[in-house]
Number of protein chains: 2
Amino acid sequence: MNGHGRSGGRPTLEEVAARAGVGRGTVSRVINGSSKVSEQTKAAVEAAVTELGYVPNRAARALAANRNDAIALVIPEPEARFFAEPYFSEVVRGVGAALAETDIQLVLTLAGSDRERRRLAHYLSGHRVDGVLLVSVHAGDPLPELLVELGIPTVISGRRSAAETLPCVDSDNLEGAAEAVRHLLDRGRRTIATITGPLDVYGARCRLDGYRQALAAAGRPVDERLVAVADFTEEGGRRAMRELLERSPALDAVFASSDVMAAGARLELRAAGRRIPHDVALVGFDDSVVARHMDPPLTSVRQPIEEMGRTMARMLLERVSGGRGSATGTGGGPSVVLQNRLVVRESS
Amino acid sequence: MNGHGRSGGRPTLEEVAARAGVGRGTVSRVINGSSKVSEQTKAAVEAAVTELGYVPNRAARALAANRNDAIALVIPEPEARFFAEPYFSEVVRGVGAALAETDIQLVLTLAGSDRERRRLAHYLSGHRVDGVLLVSVHAGDPLPELLVELGIPTVISGRRSAAETLPCVDSDNLEGAAEAVRHLLDRGRRTIATITGPLDVYGARCRLDGYRQALAAAGRPVDERLVAVADFTEEGGRRAMRELLERSPALDAVFASSDVMAAGARLELRAAGRRIPHDVALVGFDDSVVARHMDPPLTSVRQPIEEMGRTMARMLLERVSGGRGSATGTGGGPSVVLQNRLVVRESS
DNA sequence: ACACAGTGTGGGAGCGCTCCCACAGTAGTC
DNA sequence: GACTACTGTGGGAGCGCTCCCACACTGTGT
C-alpha cells in the first residue's frame, strides 16, 4: 500500500491527524468527545477516522492516561457454583447492560480456592482495573480491605454487616423473608421451619431475622429446632432438611433461603414421602430458573438481581470517573436497597 | 496528596533497577525470565522486586511489546443460552485451567445479538487480544474470516464444515451419535426418532449422520418422518417432540442431539402420557448437569468438553507465541478430534 | 489606539515498558 | 601481545497515546 515505515500496521493518532490536516491534540479531543473543537475540524477528523479505519490503541491510552477502561467483577466462589447458581448469571447480565453503552471492559474473576485468591490479590495490586465489583462477600474476607488499601474504587453487593463502610447494593432480605413466612402463615401453615444460608453472610442472617420477625409479629413462638443452617448448596439444603425432619417430624412448611437449597429440601421431602404442597409447603429465595422448573413449581422471593447488577455497575462507574476529579477514592458512599417480591407458585 | 512526580505511585522498573544497582534492561530480562543473566544479579533483582512489591505495568508492557497477554473466548450466543447450556461452563473451566499457569488474561465475550456482534468486530479490530477462541460457530458466520483478515490467531471448536481451514478442536460427533443409537437398538427399540440441532451447525449434522449410519448398519431403513430439526433449546426440543409424536405416534425411542433438547422432549412426552423409559426411551447428548438431575436420569453421550477447552487454549497459546517467531500467523493448522463416551442411565 | 479575556489549536513531554545496539569484561586462539 | 568470540550488562529510542502549556486569533471594553 504505502512504501516505508509502518505499512502493515494499524493507523495511529498521528496519521489520522496528518490526514485531517490537524494536530495530534485535536484528534485526541475529537476522539474523546471532549471540550471545544469547531464543528468543521471535528467533521474533518471524523472523516479521516472512518477512511483510515482508526481504532485507538488501548494500551497506549491506558499508559498515558493512567486508567484501564476495565472493571473487574469478582466472584469469590468456585467455578461450579458460579454456573450452578443462576444468581450470578443475572448479576453478570445487569452489569453487562450497564457497561454496554460505555467502552469499559468487564473482567470476570472467579476466585474459589485459596490459590486463586492469591492470584487475584496479585492481579488487583497490579492495578489492572479501574474499579471492582465484589459479589457475595463473606464476613472475614480480607479482599475488601485490600481494595481499600490499594485505593481501588469498589462496590459490593450484600453488605458484610449492618455497619458496612463500602458503597453497597442490597435487596431487602429481611422483608423478603418475612413476606415469605407471612404467606405461609396465611395459607394456614402452623409449623414453619427454615433452612438458612451460612450465617457469616449478612444477607443470610437477615433472612433468618425476617423469618423470626414474621413469626413473632404473628404471635408465634420461634422454635430453634425449626432452624437449620446450611450453605446455599443443594446438598446442604438436603442435609438440613433431613435434620429438620428428624427434629420436628410434624413440620408442615419450609422456608429455604435459596432456591437451590429448596431444591435439595424437595428431594429429601420426597424421599421421606411428604407431598408438596399437600403435606409440606415449600418456599425458596431468588426466584431463579430452578424455581420455575421445579416439580411442583416453587414459590420464591424474587430479588431484582439484574437491577442490582446494573445499579452496582453504575455506582462504580460514577466513583471511577468521579474519583479522577474529586478526591473521593474508595471512601464510604451511598448504599442502595432494592425491594423484593414474592412470586407464588404451586409449592405453597 | 502530593503535588507532582511519583511518590504515591507504584514502583517502576527503573526504581527496581536503581534499588538493585543494575540497569533497566537487566531487570526487564529477569522479570521476563529470559536470556543470560548471572545468578548473582538475578538474585539482587529479585530481592529488589519483593522489597518494593513491584508489579509490572501491563499497559506499558503491552504498548512496548505490541502484545496484550490476553485472549478472547468468543461465544456467539445470547447470555441466556450461555448460562443455560452447561456446555459453556465446562469450556470456560477447561480454558481457564490451561491459562492458569500463564499470565494471560481471559476475556469472555458473548455476542448474541447483531448489535453485539458489531461491537465485537470493532473490539477485535482494535487488536486488544492476542488470539481468539471461537466456540459454537454457525456455517455462515463472517467472524472467522474477519479474524483471518485481521491476522489474529484463532482456534475454533467444532469445525464449520468437513473442509475446515482454521485450527480446530472437535469431538467425534458422528461416532457418539451412532453409539447412542446402537445402544437403543441393543435395548430392543424398534422405532427410533431423533431431534437434531440446527443443520447449519456442522456438529449437529454429524450427529444426524451418526444416527443414520447406525440405523443403516443395523439394516434398518431411515424414515425421514422420524427426524425433527430443532435448535438446541428446550423449547425447540419440546416443539420437535410434539411434531414427532404427531407424525409417528408409534415411536419407542428418541435420540436428542443435546440434553437440553432432551429435557424439552421429556416434558412433551410426559404431557402425552408416555412413560420414560417404559414407553419411550430417551437419550441425550452432552452429559450435562441437566442429564444427571432429570427424572428419570438421562442416558447421554458424554463429550470431553473441559478437555476440549483445555486443548483449544493450548493450541492457541502455541500459535500466539509461535507466531511471534515464525510467520505462522493464522494459517491452517492441526485439528484435534476427541472421543465421546455413552453414559447409560435410567432413561433408556 | 491599547489591554484583556476568551476560544481553538499545535505540539512537547512523558507514561513504563521492551527491544536492541553498543560496550565492557573475560577467555580462548594464533 | 593482539586477535576474535563470546557472555553480561547499560541505556537510548521508541511504542501511541493524554495532558497541558503556549500560541495564534477573535472579540469586547476602555
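Here is the naming used below: chain letters follow the sequence lines, and residue numbers restart at 1 for every chain.
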- Kindly say whether, by distance alone, the side chain of B/R24 makes a donor-acceptor pair under 3.5 Å with the base of D/dG12? yes

- B/R61, nearest nucleotide to its side chain (from D/dC15, C/dC17, C/dC15): C/dC17

- Message: Looking at B/N66, I'd like to know whether one of its side-chain N or O atoms comes within less than 4.0 Å of OP1 or OP2 on C/dT18.
- Response: no

- OP1 or OP2 of C/dC15 under 4.0 Å from side-chain N/O of B/N57: no

- Message: Using only atom types and a distance under 3.5 Å, with no angle test, would you say the side chain of A/T154 pairs donor to acceptor with the backbone of A/I152?
- Response: yes

- Query: At under 4.0 Å, does any side-chain N or O of B/T41 touch on OP1 or OP2 of D/dG8?
  - Reply: no

- Message: Using the side-chain heavy atoms of A/L13, tell me which of these nucleotides is nearest: D/dG10, D/dG16, D/dC17.
- Response: D/dC17

- Using only heavy-atom distances, decide whether a donor-acceptor pair under 3.5 angstrom links the side-chain of B/R10 to the base of C/dG16. no

- Query: What is the distance from CZ of B/R67 to P of D/dG16, rounded to the nearest Å?
  - Reply: 15 Å

- Among C/dC17, C/dC20, D/dC15, the one nearest any side-chain atom of B/R29 is C/dC20

- Task: Ignoring backbone atoms, test whether A/S38 places a side-chain nitrogen or oxygen under 4.0 Å from the OP1 or OP2 oxygen of C/dT7.
- Result: no

- Phosphate oxygens OP1/OP2 of C/dT18: is one of them under 4.0 Å from a side-chain N or O of B/S28? yes

- Proximal nucleotide (of C/dT9, D/dG10, D/dG14) relative to the B/A64 side chain: D/dG14

- Item | Gap between atoms CD and C1', on B/E15 and D/dG11 respectively (whole Å) | 17 Å

- Message: C/dT9, OP1 or OP2 - any side-chain N/O from A/T26 closer than 4.0 Å?
- Response: no

- Query: Of the nucleotides C/dG8, D/dG16, C/dC17, which one has an atom closest to the side chain of B/A60?
  - Reply: C/dC17

- Which residue, B/G25 or B/A59, contacts DNA chain C at a nucleotide closer to its 5' end, judged by nearest heavy atom? B/A59

- salt bridge (charged side-chain N to carboxylate O under 4.0 Å, His left out) with B/E101: which residues, sequence neighbours excluded? A/R115

